[in-house]
Structure formats: C-alpha cells, structure tokens
Amino acid sequence: MKTRSVLTALALVLGALFAPGFGVLAGTSQAQAATKITHATATSMFRQAGITWSSSGNCSDRSNPSCTSFEQLNLATAQGAQTLKAASGCALNITGGTETGHASGTYSHWNGYKLDYAKATCLTNYVKGTFSYIGLRGDGAPQWQSGSGNVYADEGNHWDVLYYNCGGC
C-alpha cells in the first residue's frame with residue numbers, strides 16, 4: 001500500500017511538471033489557451049479602471065480597421081491595462097484593440113494579446129523610467145520590457161503593448 005501511495009504522488013508531481021502551460025515546460029514560446037472576453041466586458045473593465053478608448057471611425061466593429069474593438073480580447077490583456085493604469089497613475093487612452101488592420105502573428109492584436117495606447121508624457125516617462133530597455137524590434141521600434149515580461153514598443157505616435165500576462169494583477 002505504501003508503494004502505491006508513493007507512485008501516485010510521483011505521477012501527480014510529474015504530471016504537474018510536464019502538463020502544458022505549467023511546470024518546467026511552461027513559457028512564452030508557445031501560445032497557451034487564453035480566456036477571451038467580449039467588447040462589452042472589456043469596456044466595463046476599462047471604464048471601472050478609468051481607462052478611456054477612442055477610434056478614428058468612432059466605432060467598435062472588429063472587421064473595420066478604423067474602429068477600436070475589444071471583441072475576443074484576452075482577459076489577461078484587459079487586466080494588464082488595469083494594472084498599468086494603477087501602477088503608473090497615468091491617464092490611458094486605448095487607440096487600438098482587436099480590430100483588423102494590425103500586423104498578424106500569434107501574439108497579435110487580432111488574437112487579443114496587444115493594445116495600442118495614445119502617446120502621453122506621463123505614460124512615456126513611466127515606461128522608460130520603470131521598465132528595461134531591450135533593444136529595437138524588427139521594424140525598428142525601440143522596446144522596453146516590464147518585470148512580468150510584457151513588451152512596450154514605441155511606435156512613434158503611440159505605444160504598442162504586448163501582454164503575455166496581466167502584469168501582476
């Protein structure tokens with residue numbers, strides 16, 4: 001009976017260590033299943049945190065690149081925006097979400113991992129003064145990385161933020 005208990009415990013430990021998304025095999029090299037939220041849920045979360053959003057088309061249609069949509073946004077991305085707002089104390093205005101028209105890829109706007117923020121002195125000073133400069137992105141945009149691993153790219157007229165997680169929520 002004692003051997004069986006030891007084997008069961010060993011199986012549980014090995015299962016936890018090697019299960020997808022957990023243990024030693026977890027990391028940001030592979031996308032894990034993310035909890036998706038609706039546009040309404042995201043706007044409620046942002047409104048509650050005092051985060052604003054805008055679009056050049058004054059709309060939220062995900063299939064229109066002139067809109068700012070949060071449909072199919074990752075929950076961790078919305079929480080990351082809330083964390084940024086609380087930690088920085090800066091006014092945040094989101095100008096890009098999950099709408100079409102952004103670059104493609106696994107960790108893309110369309111897949112719910114990115115938000116764009118309007119450029120503001122407070123936000124720029126916070127990012128550059130708090131996070132670590134990690135060099136230029138492939139397109140030449142300078143990047144800073146937070147302690148939680150999220151990446152902030154200065155695209156000139158806005159910040160493009162890649163949220164791998166909620167930033168410590």
Side-chain angles (χ1 to χ4, degrees), residues 20-21 26-120 122-124 126-128 130-131 134 136-169:
T28 58
S29 61
Q30 292 184 347
Q32 302 298 323
T35 300
K36 302 293 185 178
I37 60 175
T38 64
H39 182 83
T41 298
T43 57
S44 176
M45 291 173 70
F46 297 149
R47 198 174 287 115
Q48 185 178 43
I51 299 169
T52 60
W53 60 94
S54 58
S55 73
S56 57
N58 196 25
C59 51
S60 62
D61 180 356
R62 189 170 195 227
S63 62
N64 182 341
S66 296
C67 298
T68 298
S69 175
F70 305 122
E71 196 63 39
Q72 295 296 305
L73 188 68
N74 294 340
L75 175 60
T77 301
Q79 291 169 328
Q82 291 177 313
T83 300
L84 176 62
K85 170 70 174 161
S88 69
C90 297
L92 298 179
N93 182 50
I94 301 170
T95 60
T98 60
E99 66 280 348
T100 191
H102 299 279
S104 62
T106 301
Y107 297 105
S108 64
H109 282 272
W110 182 261
N111 288 335
Y113 288 92
K114 286 185 162 193
L115 290 173
D116 288 341
Y117 296 97
K119 209 63 163 311
C122 180
L123 180 58
T124 296
Y126 178 77
V127 170
K128 293 182 177 182
T130 307
F131 303 143
I134 58 170
L136 301 178
R137 198 168 63 182
D139 62 0
Q143 302 176 103
W144 285 261
Q145 189 169 37
S146 70
S148 63
N150 297 325
V151 178
Y152 294 70
D154 184 345
E155 293 192 347
N157 64 348
H158 68 274
W159 284 98
D160 177 78
V161 182
L162 169 55
Y163 289 100
Y164 291 111
N165 57 64
C166 68
C169 60

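With contacts defined as side-chain heavy-atom distances shorter than 4.5 Å, the pair T77/I37 does not qualify.
The shortest heavy-atom contact between A141 and D154 is CB-O, 3.5 Å. Closest of all the heavy-atom pairs between E71 and T38 is OE2-CA, 3.8 Å. Counting all heavy atoms, side chain and backbone alike, A81 lies closest to F46 at CB-CE2, 3.7 Å.
Listed for the H39 side chain is a donor-acceptor partner under 3.5 Å among the backbone atoms of F70. Distance alone, capped at 3.5 Å, places no donor-acceptor pair between the N165 side chain and the A76 backbone. Within the 3.5 Å criterion, the main-chain N or O of G156 finds a donor-acceptor partner in the side chain of K119. Not one N or O on the side chain of Q143 forms a donor-acceptor pair closer than 3.5 Å with the backbone of V151. When atom types are taken as modelled, the side chain of T83 and the backbone of Q79 share a donor-acceptor pair closer than 3.5 angstrom. Side-chain atoms of S55 do not come within 3.5 Å of backbone N or O of G96 as any donor-acceptor pair. A donor-acceptor distance shorter than 3.5 angstrom exists from the side chain of S56 to the backbone of S66, with no hydrogens or angles considered. Formation of a donor-acceptor pair under 3.5 Å by the N111 side chain with backbone atoms of Y113 is not found in this model. One N or O on the side chain of N74 and one on the backbone of G112 form a donor-acceptor pair closer than 3.5 Å. With hydrogens and angles ignored, the 3.5 Å screen pairs a side-chain donor or acceptor of E99 with a backbone N or O of S69.
With 3.5 Å as the limit, one finds no donor-acceptor pair spanning the side chains of T95 and D116.
When ring centroids are compared, Y126 and F131 come within the 6.0 Å threshold.
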